[in-house]
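This chain uses plain numbering: 1 for the first residue, then up along the sequence.
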Amino acid sequence: MKFVVIGIVNTIVGTAIMFIFYNVCHLSYWISSASNYFFGSICSYILNKHFTFKNKERGWKPLLRFTLNIITCYLLAYGIAKPVIQWMLSGYSITIQENISLALGMCLFVIFNYLGQRFYTFK
């Protein structure tokens with residue numbers, strides 16, 4: 001439950017950043033989606049390490065595992081979402097395709113990230 005609450009806070013902030021960067025600032029799909037996780041990951045690491053998973057490990061190793069997990073989950077989620085949505089919505093504009101890809105990528109990321117943090121980062 002703690003992971004969900006922390007995730008909701010990170011999702012609200014990160015999603016706002018991502019869609020503002022993409023639709024208002026007209027930054028690329030990859031920059032907009034990566035910004036979501038860059039800004040949210042700092043808060044997520046601290047809160048999940050101490051409150052969700054109660055990990056007492058010190059040093060750089062848990063931070064390194066967290067960073068590798070975030071990067072892997074991001075590349076998987078958004079790397080899957082974009083071509084799938086482009087294929088499914090090939091008749092729609094690129095803006096519609098990429099907005100839907102961003103939303104699907106977020107959903108996939110949540111699943112991959114929980115599994116990665118639970119079984120790898122803060123095992």
Side-chain angles (χ1 to χ4, degrees):
M1 194 62 182
K2 292 176 188 175
F3 186 83
V4 172
V5 172
I6 291 167
I8 289 170
V9 171
N10 286 337
T11 298
I12 291 168
V13 172
T15 301
I17 289 169
M18 179 173 65
F19 283 111
I20 289 169
F21 279 14
Y22 184 77
N23 292 297
V24 176
C25 300
H26 305 289
L27 298 176
S28 75
Y29 173 88
W30 292 107
I31 291 172
S32 299
S33 60
S35 297
N36 178 353
Y37 298 100
F38 176 79
F39 292 110
S41 292
I42 296 166
C43 178
S44 176
Y45 175 77
I46 294 165
L47 295 175
N48 281 316
K49 181 179 190 316
H50 296 289
F51 299 110
T52 305
F53 299 110
K54 297 184 187 332
N55 183 281
K56 304 291 185 204
E57 188 176 2
R58 295 181 185 266
W60 59 270
K61 287 182 181 180
L63 181 58
L64 178 61
R65 285 193 307 266
F66 180 84
T67 302
L68 290 173
N69 179 63
I70 293 294
I71 291 168
T72 301
C73 293
Y74 168 76
L75 292 173
L76 277 172
Y78 288 87
I80 290 168
K82 188 167 184 172
V84 167
I85 295 301
Q86 282 179 329
W87 172 73
M88 290 176 64
L89 302 177
S90 61
Y92 292 86
S93 74
I94 192 76
T95 301
I96 290 173
Q97 289 177 14
E98 289 187 343
N99 272 288
I100 294 171
S101 294
L102 290 169
L104 176 60
M106 284 176 28
C107 295
L108 294 173
F109 181 87
V110 168
I111 295 165
F112 296 151
N113 185 40
Y114 175 79
L115 294 171
Q117 286 195 41
R118 175 73 175 96
F119 297 108
Y120 173 67
T121 304
F122 302 121
K123 57 185 174 187

Give, for atom [atom1] of [X] and atom [atom2] of [Y], the distance between the pair rounded to the nearest 0.5 Å.
{"X": "Leu76", "Y": "Ile71", "atom1": "CG", "atom2": "CD1", "value": "12.0 Å"}
{"X": "Tyr22", "Y": "Thr95", "atom1": "OH", "atom2": "OG1", "value": "4.5 Å"}
{"X": "Ile42", "Y": "Ile70", "atom1": "CD1", "atom2": "CD1", "value": "11.0 Å"}
{"X": "Ile96", "Y": "Ser101", "atom1": "CD1", "atom2": "OG", "value": "11.5 Å"}

| Contact list for residues 55-75, test salt bridge (charged side-chain N to carboxylate O under 4.0 Å, His left out), sequence neighbours left out | Glu57-Arg65

| query | Residues in side-chain hydrogen bond (donor to acceptor under 3.5 Å, both in side chains) with Tyr45, at least two apart? | reply | none

| said: I'd like to know whether the aromatic ring centres of Tyr78 and Tyr37 sit less than 6.0 Å apart in this structure. | reply: yes

Is there side-chain contact between [X] and [Y], with heavy atoms separated by less than 4.5 Å?
{"X": "Ile46", "Y": "His50", "answer": "yes"}
{"X": "Phe19", "Y": "Leu102", "answer": "yes"}
{"X": "Asn113", "Y": "Phe3", "answer": "yes"}
{"X": "Lys2", "Y": "Asn48", "answer": "no"}
{"X": "Leu115", "Y": "Tyr120", "answer": "no"}

| query | Within the distance-only criterion (no hydrogens, no angle test), does the side chain of Ser32 pair as donor or acceptor with the backbone N or O of Ser28 below 3.5 angstrom? | reply | yes

| Whether Gln97 side chain and Ile85 backbone form a donor-acceptor pair below 3.5 Å | no

| note | Lys82 meets the salt bridge (Lys or Arg N to Asp or Glu O under 4.0 Å) criterion, sequence neighbours left out, with Glu98

| query | Can you say whether the rings of Phe39 and Phe21 are parallel (under 30°), tilted (30 to 60°) or perpendicular (over 60°)? | reply | perpendicular

